[in-house]
Amino acid sequence: MNDSLVPETLDIRKAFTGDTVIEGDWPVRRMSRLMGSLNNDEGVAHVRLEFSRDAQWRRVISGEVTVTVQVSCERCLHSFALSLKEPVRLAVVESEGLAERLPEEIDPWLTDEDTLSVPDIIEDQLILAMPIVARHSEDCMPDEQKQALQRAASELGDDNGGRNKSTEGAAGDNPFAILETLKKTDR
């Protein structure tokens with residue numbers, strides 16, 4: 001594994017003449033667009049990119065980008081570590097017309113420059129890997145909701161280790177019975 005930073009730019013003509021491989025790291029703190037979705041600037045993205053030509057002589061970039069970042073759970077609002085792993089499969093094209101002709105499994109990287117910005121590729125791929133709604137588990141809930149459930153459970157009684165006939169019967173007959181107790185406690 002190469003622990004060095006990836007190059008900031010790459011000459012397109014040279015990168016695709018042979019099978020060029022870039023492997024290295026890029027700090028999250030240098031990804032300003034991604035930072036808007038994160039809690040802090042900690043973390044380092046690891047990247048492995050291969051620059052080659054496919055059977056149709058297209059300039060193809062393939063590989064993978066991985067990083068662990070800190071985000072807020074949109075359900076409970078607590079911070080948690082989110083691991084992102086995004087495969088890269090891009091074709092460098094000069095026009096939208098060429099981009100439209102690419103197969104569905106290859107995304108276009110539109111540029112008419114002589115150089116590629118490797119950090120831009122890394123950041124774009126990680127932005128695509130971000131979930132639409134970040135949440136860390138199915139059983140998390142906001143603190144207010146947890147407190148309301150605890151109040152409702154204590155009002156129903158704490159016999160038999162937290163279970164009594166009324167809560168077992170209510171939950172067994174109607175899974176939403178606990179919501180009725182929450183409704184009553186809010187009045």
Side-chain angles (χ1 to χ4, degrees), residues 1-140:
M1 183 170 128
N2 184 358
D3 289 330
S4 65
L5 291 178
V6 296
E8 290 196 38
T9 59
L10 200 61
D11 187 322
I12 290 178
R13 294 167 297 195
K14 292 178 183 176
F16 294 100
T17 55
D19 289 339
T20 303
V21 176
I22 292 178
E23 186 169 1
D25 299 319
W26 194 254
V28 169
R29 71 179 182 280
R30 294 181 71 180
M31 297 184 224
S32 60
R33 291 177 293 134
L34 179 65
M35 290 283 300
S37 302
L38 307 179
N39 289 348
N40 59 38
D41 64 355
E42 296 174 10
V44 176
H46 180 72
V47 61
R48 177 178 168 76
L49 298 175
E50 298 176 23
F51 300 81
S52 60
R53 296 235 182 214
D54 67 3
Q56 286 73 36
W57 207 241
R58 290 184 287 246
R59 297 174 295 188
V60 177
I61 305 169
S62 58
E64 185 174 77
V65 180
T66 59
V67 70
T68 299
V69 292
Q70 291 291 318
V71 297
S72 291
C73 175
E74 305 240 356
R75 185 180 291 148
C76 70
L77 303 178
H78 292 138
S79 182
F80 74 101
L82 176 66
S83 294
L84 301 174
K85 183 176 185 179
E86 182 70 9
V88 177
R89 185 86 170 134
L90 302 170
V92 178
V93 293
E94 294 85 20
S95 70
E96 289 188 30
L98 290 172
E100 290 173 3
R101 289 187 240 149
L102 290 174
E104 192 173 305
E105 65 273 5
I106 301 176
D107 292 323
W109 186 266
L110 192 61
T111 185
D112 57 359
E113 306 276 326
D114 291 335
T115 60
L116 281 174
S117 171
V118 177
D120 284 349
I121 293 171
I122 296 168
E123 187 170 13
D124 282 1
Q125 294 304 302
L126 290 175
I127 289 170
L128 289 172
M130 287 290 293
I132 294 171
V133 177
R135 59 182 189 206
H136 62 294
S137 70
E138 293 298 322
D139 61 345
C140 74

Reported CZ-to-SG distance for the pair Arg135 and Cys76, which is rounded to 0.5 angstrom: 11.0 Å
Answer yes or no: does atom CZ of Arg53 have more than 12 heavy-atom neighbours from other residues, nucleotides or ligands under 6.0 Å? yes
Rounded at 0.5 Å granularity, tell me how far CG in Leu84 sits from CD1 in Ile127. 11.0 Å
Shortest non-hydrogen contact from Val118 to Leu49? CG1-CD1, 4.2 Å
For Thr17, what residues pass the side chain to side chain donor-acceptor pair (under 3.5 Å) criterion, not counting sequence neighbours? none
Please, which pairs that meet ring-ring contact (aromatic ring centres under 6.0 Å, His included) have at least one residue in residues 68-95, sequence neighbours excluded? Phe80-His136
Walk me through whether Trp26 and Val47 qualify under side chain to side chain contact (heavy atoms under 4.5 Å, CB included). CA-CA 8 Å; Trp26 194 254; Val47 61; 5.7 Å; no
Could you point out which residue of Ile122, Asp25, Ile121 forms a side-chain contact (heavy atoms from CB on, under 4.5 Å) with Val6? Ile122
Please tabulate, for the side chains in residues 88-98, all donor-acceptor contacts under 3.5 angstrom to protein atoms that are two or more places apart in sequence or on a different chain.
| residue | atom | partner | partner atom | Å |
| --- | --- | --- | --- | --- |
| Glu94 | OE2 | Arg59 | NH2 | 2.1 |
| Ser95 | OG | Leu98 | N | 3.3 |

From Leu126 atom CG to Glu86 atom CD, the distance as rounded to the nearest 0.5 Å: 8.0 Å
Lys85: which residues meet the side chain to side chain contact (heavy atoms under 4.5 Å, CB included) condition with it, sequence neighbours left out? Glu64, Thr66
Closest non-hydrogen atoms of Ala45 and Val65, given as atom of the first, atom of the second and distance, are CB-CG1, 4.4 Å
Main chain of Gly24, side chain of His46: is a donor-acceptor contact present, judged purely on distance under 3.5 Å? yes
With Asp107, which residues qualify under side chain to side chain donor-acceptor pair (under 3.5 Å), at least two apart? none
Between Val69 and Val28, the two heavy atoms sitting closest are CG1-CG2, 4.1 Å
State, to 0.1 Å, how close Lys14 and Thr20 come at their nearest heavy-atom pair, and which atoms those are. O-OG1, 4.0 Å
Rounded to the nearest 0.5 Å, what separation is found between the CG atom of Leu116 and the OG1 atom of Thr9? 9.0 Å
List in chain and number order the residues that pass salt bridge (charged side-chain N to carboxylate O under 4.0 Å, His left out) with Glu50, two or more places apart in sequence or in another chain; answer none if no residue qualifies. Arg48
Here the pair of heavy atoms bringing Ala99 nearest to Pro108 is CB-CB, 3.5 Å
Can you name the side chain to side chain donor-acceptor pair (under 3.5 Å) partners of Glu105, sequence neighbours left out? none
Chi angles and distances behind the side chain to side chain contact (heavy atoms under 4.5 Å, CB included) call for Phe16, Ile61: CA-CA 9 Å; Phe16 294 100; Ile61 305 169; 3.8 Å; yes
Tell me every residue that passes side chain to side chain contact (heavy atoms under 4.5 Å, CB included) with Pro87, counting only those two or more places apart in sequence or in another chain. none
Side-chain donor-acceptor contacts of residues 30-39 below 3.5 Å, not counting sequence neighbours, with atom names and distances?
| residue | atom | partner | partner atom | Å |
| --- | --- | --- | --- | --- |
| Arg30 | NH2 | Glu8 | OE2 | 2.9 |
| Arg33 | NH1 | Asp124 | OD1 | 2.7 |
| Arg33 | NH2 | Glu123 | OE1 | 3.4 |
| Arg33 | NH2 | Asp124 | OD1 | 2.8 |
| Asn39 | OD1 | Ser72 | OG | 2.9 |
| Asn39 | ND2 | Val71 | O | 3.2 |
| Asn39 | ND2 | Ser72 | OG | 3.2 |
| Asn39 | ND2 | Ser79 | OG | 3.0 |

Who passes side chain to side chain donor-acceptor pair (under 3.5 Å) against Asp41, sequence neighbours left out? none
Spacing of OG1 belonging to Thr115 relative to CD1 belonging to Ile12, to within rounding of 0.5 Å: 6.5 Å
Work out which heavy atom in Pro27 is nearest to a heavy atom in Leu5; give both atom names and the distance. CD-CD2, 3.6 Å
For Ser52, which residues count as a side chain to side chain contact (heavy atoms under 4.5 Å, CB included) partner, sequence neighbours excluded? Asp19
Partner set under salt bridge (charged side-chain N to carboxylate O under 4.0 Å, His left out) for Asp54, not counting sequence neighbours: Arg58
